[in-house]
Amino acid sequence: MSNEKAKTINILLYDGNLNGVISIEDTSWNSGELYSAPRESITDLLKTEACNKFGVYLLLSDNMVYIGQSSDLSRRINQHTIGKEWWTSVLIFTTKDDSLTRTDIDYLEYILIEKANSTKGLNCDNKNKGNIPKVDKYRKVGLQQYLEEAMFLMELIGISIFKERKVKSDDTRKGLIDIQDTRAKLHLGKRVKKEAIEYIDSKEIHLGKNITYAVKQDIKGEYWANPPVKYLDSDWWIILNNNLNQELLVLKVPARELTIDSNETRRLYLRKDRNAIDLKLDGDTLKEKYSAIDFSKYIVHIVGY
């Protein structure tokens, strides 16, 4: 008689709903866990214990995937509910005992991005390859086994995103400007307001007339701009180019939401040498340096490039 333990797969349906959050465990998968949820159940997923752990996540649609990793899956996945409108479901790989390390999830993300980029007919929304893995050969074997089991469980619940498919001749990103050239220019960041607006427009996001563009500065990590005061009288659009993360943050400040009136708490400050707003936003919090106004509440889209 064989001493090998029988393989047992446990599937937990939250709220008893096949169309909601699903959790899967496998006795042969060490302490591995897989969670799956449609976009409309994202709030329920983020409440689970799994989302407070180290892990890897996949944002999915029929023919597109975005792969990420985090030590705080709840926070990171929640960020993708703004700006990435295309995904319809999310998948999480983690462990019951939270035993994955930062190096582990760097490796898993890197391998999955490689796998996505090599799958014919699959669009990968990642614009870089992730952090270069630094795992030793022994840990690499364990992580490969972890990933193989994860792929098996994905197939088990009907997720076959990494299977090659036929590419239709018209299955391209129609209507876009020269995408590679634009990404290169946006990554450099300077003097590409026109390209940024066109790129955002190609994503079916249409801005108004009053648009300010700023790039995250290398030294202080701030966004600087000097828009005309008249922009405050109507809807004011702001494009912030975080070229390190390769993201365009699109902000919309409603008409007369802010002012330069010194008697108002919503006051912005003028440059001393000309009639223009002196705008300096913290690169991480988007809090304005002089007025302390929090501009992060005005974010309406986050567009990767």
Side-chain angles (χ1 to χ4, degrees), residues 5 7-12 14 21-37 42 44-60 65-81 84 87 89-119 124-157 159 161-162 221 242 244-247 283-284 302 304:
K5 292 183 179 180
K7 182 183 182 73
T8 303
I9 297 173
N10 299 314
I11 300 179
L12 173 63
Y14 285 73
V21 179
I22 300 175
S23 170
I24 302 179
E25 298 176 10
D26 184 344
T27 54
S28 66
W29 196 21
N30 297 323
S31 62
E33 282 185 315
L34 180 152
Y35 280 73
S36 173
I42 192 68
D44 294 330
L45 175 66
L46 297 182
K47 291 177 182 176
T48 64
E49 184 182 348
C51 287
N52 297 319
K53 300 175 180 178
F54 278 73
V56 177
Y57 63 91
L58 284 69
L59 305 180
L60 304 166
V65 63
Y66 176 88
I67 298 151
Q69 49 91 347
S70 179
S71 59
D72 184 351
L73 290 166
S74 179
R75 180 188 62 80
R76 190 67 182 112
I77 293 172
N78 190 51
Q79 290 175 342
H80 291 308
T81 59
K84 290 188 185 295
W87 63 273
S89 64
V90 60
L91 200 68
I92 290 174
F93 301 148
T94 184
T95 54
K96 292 192 291 289
D97 56 0
D98 199 17
S99 56
L100 292 175
T101 66
R102 171 64 66 186
T103 304
D104 292 341
I105 60 177
D106 279 350
Y107 177 81
L108 294 172
E109 178 193 44
Y110 187 90
I111 296 301
L112 283 168
I113 292 173
E114 277 196 335
K115 190 173 182 65
N117 283 324
S118 64
T119 302
C124 181
D125 197 45
N126 292 78
K127 305 306 180 290
N128 54 53
K129 295 181 179 180
N131 298 323
I132 297 175
K134 297 179 180 179
V135 296
D136 62 44
K137 60 182 179 180
Y138 302 107
R139 185 56 181 159
K140 187 178 293 186
V141 170
L143 291 173
Q144 285 288 4
Q145 291 173 344
Y146 174 94
L147 204 50
E148 286 173 11
E149 188 65 26
M151 295 293 104
F152 168 77
L153 294 176
M154 282 178 61
E155 292 278 345
L156 183 68
I157 60 173
I159 299 176
I161 194 73
F162 293 111
N242 185 337
L244 181 62
N245 291 348
Q246 294 184 277
E247 291 179 334
D284 297 319
I302 300 175

Is there a side-chain contact between M151 and L156 in this structure, where contact means two heavy atoms from C-beta onward sitting under 4.5 Å apart? no

I would like to know whether D125 and K127 meet salt bridge (charged side-chain N to carboxylate O under 4.0 Å, His left out); could you show each step before the answer? CA-CA 6 Å; D125 197 45; K127 305 306 180 290; 2.9 Å; yes

Show, in sequence, the C-alpha distance, side-chain angles and deciding distance for I67 and E114, and conclude whether the side chain to side chain contact (heavy atoms under 4.5 Å, CB included) test is met. CA-CA 10 Å; I67 298 151; E114 277 196 335; over 6 Å; no

Step-by-step side-chain hydrogen bond (donor to acceptor under 3.5 Å, both in side chains) determination, D72 to S70: CA-CA 5 Å; D72 184 351; S70 179; 5.7 Å; no

Side-chain donor-acceptor pairs under 3.5 Å in residues 141-148, sequence neighbours left out?
residue	atom	partner	partner atom	Å
Q144	NE2	Y107	OH	2.8
Y146	OH	T94	N	3.1
Y146	OH	T94	O	2.8

Can you name the nearest heavy-atom pair linking D104 to S99, along with the distance? OD2-O, 4.0 Å

Taking side chain as C-beta onward, heavy atoms only, is S36 less than 4.5 Å from V21? no

Separation between OG (S31) and CG (D98), nearest 0.5 Å, reads 9.5 Å

Applying side chain to side chain contact (heavy atoms under 4.5 Å, CB included), name anything that partners D106, two or more places apart in sequence or on another chain. Q69, R102, N131

Test applied, side-chain contact (heavy atoms from CB on, under 4.5 Å); reference residue, L153; option that passes from L91, L34, I159: L34

Taking atom NZ of K96 as the centre, does the number of heavy atoms from other residues, nucleotides or ligands within less than 6.0 Å exceed 12? yes

Is there a side chain to side chain contact (heavy atoms under 4.5 Å, CB included) between F93 and M154? Walk through the geometry before answering. CA-CA 10 Å; F93 301 148; M154 282 178 61; 3.5 Å; yes

I'd like to check L60 versus V90 (side-chain heavy atoms, cut-off strictly below 4.5 Å). Are they in contact? no

Report yes if some heavy atom in the side chain of S23 is under 4.5 Å from a heavy atom in the side chain of T48; otherwise report no. no

How about K115: does its NZ atom have over 12 heavy atoms from other parts shown lying under 6.0 Å from it? no

Got a sec, which residues hit ring pair (Phe, Tyr, Trp, His ring centres under 6.0 Å) with Y57, two or more places apart in sequence or on another chain? H80

Strictly distance-based, threshold 3.5 Å: is any side-chain N or O of N117 a donor or acceptor partner for the main-chain N or O of I113? yes

What closest approach, in Å, do G68 and E109 show between heavy atoms, and which atom pair accounts for it? CA-OE2, 3.5 Å

Side chains of W87 and I42, heavy atoms from C-beta outward: is any pair under 4.5 Å? yes

Show, in sequence, the C-alpha distance, side-chain angles and deciding distance for I92 and L73, and conclude whether the side chain to side chain contact (heavy atoms under 4.5 Å, CB included) test is met. CA-CA 8 Å; I92 290 174; L73 290 166; 3.7 Å; yes

Would K140 and D136 satisfy side chain to side chain contact (heavy atoms under 4.5 Å, CB included), going step by step from the backbone distance to the final call? CA-CA 6 Å; K140 187 178 293 186; D136 62 44; over 6 Å; no

Does the side chain of Y35 come within less than 4.5 Å of I24's, by heavy atoms? no

Does N52 reach the main-chain N or O of S74 with its side chain, forming a donor-acceptor pair under 3.5 Å? no

Determine whether K53 and L100 make a side-chain contact, defined as any pair of heavy atoms from C-beta on separated by less than 4.5 Å. no

For residues N126 and Y66, determine if any side-chain heavy atom of one lies less than 4.5 Å from a side-chain heavy atom of the other. yes

